[in-house]
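Below is one structure, written out as structure tokens; the observations come after it.
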Amino acid sequence: MHIDEANPFPYEFDVSRTALVLIDMQRDFIEPGGFGETLGNDVSLLEAIVPATKAVLHAWRQAGGLVVHTREAHKADLSDCPPAKRNRGNPTLRIGDEGPMGRILVAGEPGNQIVEALAPVDGEIVIDKPGKGAFYATGLHELLQARGITHLLFGGVTTEVCVQTSMREANDRGYDCLLLEDCTESYFPAFKAATLDMVRAQGGIVGWTAPGTALLSALK
Ligand code: C5J
């Protein structure tokens, strides 16, 4: 299959060797009343990508493609949260503190769940990751290698933090990566725009970008 509209040039992929990776579409970043909002962010920007992401997820499932969901999540005892990550800055709530949807970025808490519209189904991979990148301190690379995956389609939040970090990690591990432009968002629109530019600059130095609708057309 190919996505001709991809930038900087057409993207070729085989569904059986490609995974859709949705980064951190968890309630605390996306829903009103969660951690993201307590940090002063306008979460409606992130919430707005849920319908486009759902359409892609649905089509990808129909095509029989592998789906990976990630959550930025720490163990309850925070043993996997470096003090440098927890203590930096001056937020009103830190990782592990009780927030509006349970303990912030702690596995199993209500705010740590994937939003209902994109909830994982049986057979999909769910990765709890303690870092920004999906490959750091997780078994993701090994799980993908075991399934013969060579190509990754990325969506999720936030574009310039966990999505970009994961995509760069994947690129260094040899995956051909494409970022779905309308299935990713940032609290800072300028950061999203800059990330899309960075990914596809210099002949696709990190990978490709394309609208989710282009993937939907390719799958028809
Ligand atoms: C993610 C963050 N998921 N912005 N986390 O991007 O801290």
Side-chain angles (χ1 to χ4, degrees), residues 20-50 53 57 68-75 78 80-97 99-115 117-120 125-138 140 152-171 177 179-196 198-199 206-207 209:
L20 173 66
V21 183
L22 298 179
I23 301 288
D24 300 358
M25 292 297 285
Q26 58 204 67
R27 298 181 62 205
D28 250 334
F29 292 132
I30 291 171
E31 292 188 3
F35 179 46
E37 197 168 74
T38 69
L39 295 175
N41 296 305
D42 175 4
V43 296
S44 68
L45 283 172
L46 272 54
E47 225 180 351
I49 68 163
V50 171
T53 309
L57 176 60
V68 178
H69 305 262
T70 72
R71 299 181 288 218
E72 188 169 346
H74 292 279
K75 294 179 182 163
L78 303 187
D80 58 356
C81 181
K85 180 175 182 183
R86 183 159 197 270
N87 297 337
R88 192 168 311 147
N90 195 21
T92 49
L93 289 173
R94 293 185 187 276
I95 295 168
D97 289 350
M101 294 188 198
R103 292 182 68 203
I104 303 297
L105 298 191
V106 169
E109 296 290 328
N112 207 237
Q113 305 309 312
I114 308 282
V115 295
L118 307 176
I125 295 174
V126 181
I127 297 283
D128 282 342
K129 60 182 190 50
K132 302 304 181 193
F135 290 82
Y136 169 69
T138 68
L140 179 57
L152 300 176
L153 306 169
F154 279 94
V157 299
T158 59
T159 315
E160 79 282 9
V161 185
C162 290
V163 176
Q164 181 174 210
T165 304
S166 300
M167 198 168 169
R168 287 177 182 274
E169 287 180 328
N171 189 48
C177 301
L179 178 53
L180 296 162
E181 296 159 9
D182 46 348
C183 300
T184 185
E185 196 48 90
S186 170
Y187 298 122
F188 307 95
F191 290 176
K192 173 179 175 177
T195 302
L196 295 179
M198 279 186 253
V199 160
V206 180
T209 77

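These numbers were taken from a predicted model, which means no experiment stands behind them. Ligands are counted one by one from 1 in listed order, and the atoms in each one are counted from 1 as well.
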- Message: At less than 4.0 angstrom from any atom of ligand 1, which residues have a non-hydrogen atom? List them by chain and residue number.
- Response: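 Heavy-atom contacts below 4.0 Å: Asp24, Phe29, Glu72, Lys132, Val157, Thr158, Val161, Cys162.
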
- Does Lys75 have any salt bridge (Lys or Arg N to Asp or Glu O under 4.0 Å) partners at least two apart in sequence or in another chain, and if so, which?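 Salt bridge (Lys or Arg N to Asp or Glu O under 4.0 Å) check on Lys75 returns nothing, list empty.
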
- Query: Any luck finding a side-chain donor-acceptor pair between Glu160 and Ser186 under 3.5 Å?
  - Reply: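 Per modelled atom types, Glu160 and Ser186 side chains form a pair under 3.5 Å.
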
- Could you go through the salt bridge (Lys or Arg N to Asp or Glu O under 4.0 Å) check for Arg27 and Glu109 one step at a time? CA-CA 10 Å; Arg27 298 181 62 205; Glu109 296 290 328; over 6 Å; no

- From Val163, Leu45, Val50, residue fulfilling side-chain contact (heavy atoms from CB on, under 4.5 Å) relative to Glu185: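 Only one of Val163, Leu45, Val50 forms a side-chain contact (heavy atoms from CB on, under 4.5 Å) with Glu185, namely Leu45.
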
- Mind listing the closest non-hydrogen atom pair of Arg94 and Ile104 along with its distance?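 Distance-wise, the nearest heavy atoms are O-CB, 3.7 Å.
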
- Query: Minimum heavy-atom separation for Val199 to Thr209, with atom names?
  - Reply: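 Heavy-atom minimum between the residues: CG1-CG2, 3.9 Å.
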
